[in-house]
**Q** 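Just dropping this structure here.
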Amino acid sequence: MNVTGADPTHVLQSIFGYEAFRPYQEPVVQRLVGGGDALVLMPTGGGKSLCYQIPAMIRDGTGIVISPLISLMQDQVDALQQVGVKAAVLNSSLGPREREAVEHRLTAGDLDLCYVAPERATRNRFKTLIARARPSLLAIDEAHCISQWGHDFRPEYLALADLRADFADLPCIAVTATADPPTQNVVLDRLGMTDADRFVAGFDRPNIRYVVEPKGRRPRQQLHAFIEREHPGQNGIVYCLSRNGVETTADWLNGHGHTAVPYHAGLSDQKRSEHQDRFLREDGLIVVATVAFGMGIDKPDVRFVAHLDVPKTLEAYYQETGRAGRDGRPATAWMAYRRGDVVRMRQLIDDSAENEEHRWTQRHKLNALLGYCEAPDCRRKVLLNYFGEAMEGTTCDNCDNCLRPPDTWDGTTAAQKALSCIARTGQRFGSGHVTDVLLGADTEKVRRHNHDTVSTYGIGADRSKAEWRSILRQLVAKGMVEVDVMGYGTLTLTEACRPVLKGTEAVAFRDDADAAPAAPNTTKTATDDPLPADGPERELFEALRERRTQIATDQEVPPYVIFNDKTLRAMVEHEPQTQSDFRALHGVGDVKLERYGELFLDTIRRHT
Ligand code: ADP
Ligand code: ZN
């Protein structure tokens, strides 16, 4: 299919079957088509790939895409081939014969797009090869990997500077989902993109619902209840801290009607890639994993990401939860949170052999995470604030706190009692002892320190132990109290508590005192599932899914490359009867109409 010189919107509609560009896509495409450079920062799922795929097709010649992950490249190429775009990969997964065939197509001008691994792209062999070909643009995926400042530095990316220098006249696009301004500068500098326009989309992922549940005594049961309630039979990732946690949770889920596979660094390479492969190709599979899993997971229809243990930092949390809902449809980021888990993580940090500066940073990050978990108001706001982005308004209507605002109460007096009790006992004790003093308990420790004589002894007898624990925790989350550096859980006061002690500032606390399992969700769920659990619509949907699986299995590609769920739903909703009805569906372009139109129309006709 030749669309050289065509209008970008026409390409979007006729090839990809999408109606309109998403924010930033169109100006980026225009910039590259016009021969300029661009740095594109978009959240995961924002649609970065189209930003270089469409210009590569419109410009004469072959677009060269540097991408670090083999599985990701193959998926993109599969998806492109499905819509009739001439695309191929050059990486270590090819045998010599296949490689020669791709090289031949490249020099013969028979490719719209060629995906290349960075280590290959910087070899002389490749340089001579593209000198003989007609490259139309250079695209660098995961461009932040070129910067040592980032968390994903890849030495092989450094050599891309040379490659770029050799083709300085070619339009160049660098795309990434994570790069703070210093990292952006490094990318532009290394790639010699001095005239590049920056296109920076926000961090917000509006289709992801953020939910944090207090972790009770049976967290797996909570997870199970969440999945059953919101995402039964759907694709998901469950993160656990330890390998053992991963294994036992996967077993448990399998024993409770789910299909789950484990993924962690202790498994053999073969097992790991087998499980990753199944996740990419199967429908309705849950991967239970340590953080080892995820990089390069480009599956668009992950409906939930669950954390059974708290993540390490908010950055990690954002990245891990960002794997949900890349297709833009509703998805949930769910976490079971217990304060004790954070304390344990803090101990790990304190005991680590890292230098003090590093540990300080880690502690700071952990505090931010804590603040997120214990926030009484909008979680999205906390998250975006952390990345330096202000949210408009005060509620997002798509996080647990906005949907069901936790009850709060005026805790000014209680806060004053707790804060002064910490002060009176010398800022040398943890929350257990401080609580005992507040309650007026008669313990050996109280007697040993003469704390039955301080003025705050027993002033909190009107509240329960659990309530005081919760109050102290929230004071930490609010930054008025710090949990110590030494790892003993000692509470100390910060500057921020002064106005409260002076009585010039009020404090509101969350009502839910302690880790009780959350009440069943009374609000609407995160699925936009208009399909009833059974009945004709559901039957049609399942039949379409089955047809999709057959085709995908035959071609050895993931099901969503054939059609994604959104398109299947559109089929159920509109029940197209003719080819032109079918072409009008979201995600149906000319080539897919030709290849699959009749197959799916046949299924639809049989069911209606
Ligand atoms: P990322 O920014 O993470 O690389 P992708 O390029 O993989 O995101 O796009 C995520 C999903 O959104 C893909 O399934 C893609 O086909 C889809 N998509 C991209 N642009 C559009 C659009 N303009 N309209 C509809 N769907 C789109
Ligand atoms: Zn919110």
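All ligand and atom numbering here is 1-based and tracks the order in the structure.
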**Q** For atom 17 (C) of ligand 1, what is the nearest protein heavy atom, given as residue, atom name and distance?
**A** R22 NH2, 3.7 Å

**Q** Does D590 pair with R583 as a salt bridge, N-O distance under 4.0 Å?
**A** yes

**Q** Using a 4.0 Å heavy-atom cut-off, say whether Q25 meets ligand 1 through its side chain, its backbone, both or neither.
**A** side chain

**Q** Could you check Q579 against L593 for side chain to side chain contact (heavy atoms under 4.5 Å, CB included), going step by step and ending with a plain yes or no?
**A** CA-CA 7 Å; Q579 296 246 341; L593 171 68; 3.8 Å; yes

**Q** Yes or no: does R326 have any heavy atom under 4.0 Å from an atom of ligand 1?
**A** yes

**Q** For A324 versus I208, what's the shortest heavy-atom pair and its separation?
**A** O-CD1, 3.6 Å

**Q** Does a salt bridge link D327 with K566, judged by any charged N lying under 4.0 Å from a carboxylate O?
**A** no

**Q** Taking the non-hydrogen atoms of C51, is any one of them nearer than 4.0 angstrom to ligand 1?
**A** no

**Q** Pair H574, F582 - check ring pair (Phe, Tyr, Trp, His ring centres under 6.0 Å), show working.
**A** CA-CA 9 Å; H574 300 290; F582 196 82; over 10 Å; no

**Q** Determine the sole option in W334, Y210, Y318, Y317 for which the ring-ring contact (aromatic ring centres under 6.0 Å, His included) test with H307 is passed.
**A** Y317

**Q** Can you report which non-hydrogen protein atom sits closest to atom 14 (O) of ligand 1, along with the distance?
**A** P300 CB, 4.2 Å

**Q** Working note: F203 + L383, criterion side chain to side chain contact (heavy atoms under 4.5 Å, CB included); need CA distance, chi angles, decisive distance, verdict.
**A** CA-CA 9 Å; F203 280 96; L383 208 52; over 6 Å; no

**Q** Please list, in number order, the atoms of ligand 1 under 4.0 Å from a heavy atom of F21.
**A** 23 (N)

**Q** Could you find the nearest protein heavy atom to atom 8 (O) of ligand 1 and give me its residue, atom name and distance?
**A** G47 N, 3.3 Å

**Q** Less than 4.0 Å from atom 21 (C) of ligand 1, is there any heavy atom belonging to the protein?
**A** yes

**Q** Among S49, A20, G46, P23, which residue places a heavy atom closest to atom 6 (O) of ligand 1?
**A** S49

**Q** What protein heavy atom sits nearest atom 15 (C) of ligand 1, and how far off is it?
**A** Y18 OH, 3.7 Å

**Q** Rounded to the nearest 10°, what angle sits at the Zn ion (ligand 2) between SG of C378 and SG of C402?
**A** 100°

**Q** What closest approach, in Å, do A38 and R31 show between heavy atoms, and which atom pair accounts for it?
**A** CB-CG, 4.3 Å

**Q** What atoms of ligand 1 come closer than 4.0 angstrom to any heavy atom of L50?
**A** 19 (C), 20 (N), 21 (C)

**Q** Check R303 with D565, please: is the shortest side-chain N to carboxylate O separation under 4.0 Å?
**A** no

**Q** With only distance considered, is N564 within less than 3.5 Å of ligand 1 through an N or O on each side?
**A** no

